[in-house]
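Since the structure is predicted, the reported quantities are computational estimates derived from the model, not experimental observations. Naming: A, B, ... by sequence-line order, numbering from 1 per chain. Keep in mind that the numbers below use all heavy atoms, side chains included, and drop hydrogens, waters and symmetry copies.
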There are 2 protein chains.
Amino acid sequence: MSTIVMNSPQSPMWRSPVTAADRLLLEIQRTIVEGEIESGSKISEPELARKFNVSRAPLREALARLERCHLIERIPNAGARVVKLSTEGLLALYQIREELEGLACRLAAENMDDAEIQQVQELLNQHLDTQRVREGESYYQEAGDLDFHYRVILGSKNPYLINMLCDELYFLVRMYRVQLGMNGPRVSRAFDEHKAIINAIANRDGELADLLMRRHIAASRVNIELKLQQLGK
Amino acid sequence: MSTIVMNSPQSPMWRSPVTAADRLLLEIQRTIVEGEIESGSKISEPELARKFNVSRAPLREALARLERCHLIERIPNAGARVVKLSTEGLLALYQIREELEGLACRLAAENMDDAEIQQVQELLNQHLDTQRVREGESYYQEAGDLDFHYRVILGSKNPYLINMLCDELYFLVRMYRVQLGMNGPRVSRAFDEHKAIINAIANRDGELADLLMRRHIAASRVNIELKLQQLGK
DNA sequence: CGGCTCTTGATTGTCGACAATATTTCAGAT
DNA sequence: ATCTGAAATATTGTCGACAATCAAGAGCCG
């Protein structure tokens, strides 16, 4: 029912006792994804610690997790840098996404129960309404798309797969999309593709769902690749 | 030439200034994989810190990385436990392995240069010799198998893929194999399968290499599954 | 006697200071 | 003027102590 972006079990988002490191992680993740800290810039531990009014201990914990989701790169005794976006990086990232989300579809077709599937279908219609009401506002499309993918991934019921996609890869995916201003034109087409995928899952046709998801992601990749090139020039 | 188990770039193994947390990580990884710390048992930070004569700071850094490769599970304010092996876990793990290593083969067929491929082929022959000389000694088979898979994965040239497989998944794979005593019977058959895979890569037939690798991993999974069941009874 | 609450004990999370390492600066020589 | 080398500076890695939180057991009440 809600449009909340769900996360996997070990994400800090819904852990009961939210620790300082958890808050820091969420905050810095947002900061990096939205581009408030420039891509490629160096991260100073003392500076960030002062900025967020915490000690370096929880900050370093947060940095460790940021490295885990590929948003920063650390070199021992030298420091951390925000990851730099590139065409090669995008390609490498989406190669994995295609493969893993395809697998997720196949597993979801086996493991999602009817109620969950129906829930996703209703969700899609909701998103369509919201999006029609607020044409042009990209955030809702972003959130809607993420929500759909999260549901399918969770539907796979494979903990490792869920962890890899939701916790390790998706923040980077969002970073590409947000920083390259991915919003407008693909909205309605993406909706149709989502619909086709969940229908295939509803028909328990994992193979088809796999194929459709791979194409869906490939289309998204081409879209971003284009933007990246035209911005590069 | 060497039979050294290579690791991906961000593994501590070959970082020039080896920090205390790096040493701890390697040591504890080994300890868990070999089963010296019982599967499912709780981990006490003060106790481990005393045992290794270090402060809790680098230890916690190491624990964070252990969580990353799924060898321990942490609950905030409650502590960490060594992961428990199970049939479901094995299945979930190998589902991903099949998919990702299949992808690795396809990419390796595109991206490995002839010299690298030849190197792997020579390596295989070396392993065969070593293994014939020391029949029954499982360690060499373990190491040889790992070495082969590592080479192919590195051959994909996809940093995310390399990181996921070598740094996040493979320690758990090794834990299953070591703790269930996987060594003897599949040795020579595995060698043939390895040979077929690298040949397909040499012929730049990524699709075939993909298929063969999936079967190879599936066979390995069935093998372990059997052992797991017969030990479970 | 069983179940609940509170206290006690231990563990984890956080802090500030110190040690080890990398980066920058500046003087001197070619 | 450029390069080399060493001192100075800043950053990261590690340490020990304190605060916050959780688990276990004693005591009380129904």
Side-chain angles (χ1 to χ4, degrees), chain A residues 9-29 31-32 37-38 40-68 70-84 167, chain B residues 9-29 31-32 37-38 40-68 70-84 167:
Chain A
Q10 72 186 47
S11 279
M13 197 164 261
W14 59 274
R15 305 208 298 218
S16 330
V18 178
T19 180
D22 293 338
R23 283 190 298 270
L24 273 177
L25 175 63
L26 289 177
E27 194 62 32
I28 304 181
Q29 264 176 347
T31 306
I32 292 181
I37 303 183
E38 196 175 7
S41 64
K42 186 166 174 358
I43 287 183
S44 162
E45 291 186 8
E47 185 185 330
L48 268 189
R50 274 195 307 275
K51 183 174 177 181
F52 289 105
N53 275 79
V54 291
S55 161
R56 277 178 53 216
L59 177 69
R60 283 173 64 86
E61 171 89 28
L63 290 183
R65 299 194 208 164
L66 284 174
E67 183 183 20
R68 179 173 171 171
H70 308 282
L71 290 183
I72 67 172
E73 289 167 352
R74 294 173 97 184
I75 298 175
N77 286 319
R81 308 192 78 85
V82 177
V83 74
K84 204 148 175 45
D167 292 339
Chain B
Q10 73 186 46
S11 278
M13 197 163 262
W14 61 275
R15 305 209 295 219
S16 329
V18 178
T19 181
D22 293 337
R23 282 190 299 269
L24 273 177
L25 176 62
L26 289 178
E27 194 62 34
I28 304 181
Q29 265 176 346
T31 305
I32 293 181
I37 303 183
E38 196 174 6
S41 64
K42 187 168 176 351
I43 287 184
S44 162
E45 291 186 7
E47 185 186 329
L48 268 189
R50 273 195 308 275
K51 182 173 177 181
F52 289 106
N53 276 80
V54 290
S55 161
R56 277 178 53 217
L59 177 69
R60 284 173 63 85
E61 171 90 27
L63 289 183
R65 299 194 209 164
L66 283 174
E67 184 183 20
R68 178 173 172 172
H70 309 283
L71 290 183
I72 67 173
E73 290 167 352
R74 293 173 98 184
I75 298 176
N77 285 319
R81 308 191 78 85
V82 177
V83 75
K84 206 152 174 40
D167 291 339

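- Following rounding to the nearest Å, B/L59 (CG) and D/dG16 (C1') show an atom-to-atom distance of 15 Å.
- Applying the side chain to side chain contact (heavy atoms under 4.5 Å, CB included) criterion to A/A80, with sequence neighbours excluded, gives A/I43, A/I72, A/R74.
- Two residues are said to be in side-chain contact when any heavy atoms from C-beta on lie closer than 4.5 Å; B/L26 and B/Q29 meet this criterion.
- In terms of heavy atoms, B/K42 sits closest to B/G79 at NZ-CA, 4.0 Å.
- For A/R81 and C/dT23, the CZ to C1' distance is 12 Å, given to the nearest whole Å.
- For B/E61, the side-chain hydrogen bond (donor to acceptor under 3.5 Å, both in side chains) partners two or more places apart in sequence, or in a different chain, are B/R65.
- At whole-Å resolution of the value, CZ in A/F52 and P in C/dC15 are 14 Å apart.
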Each nucleotide in nucleotides 7-14 of chain D should get exactly one letter: B, S or -. Can you fill that in based on protein heavy atoms under 4.0 Å? ----SBBB
For a side-chain contact (heavy atoms from CB on, under 4.5 Å) check, start with the C-alpha distance between B/E45 and B/R60, then their side-chain angles and the critical distance, and finish with the verdict. CA-CA 8 Å; B/E45 291 186 7; B/R60 284 173 63 85; 3.1 Å; yes
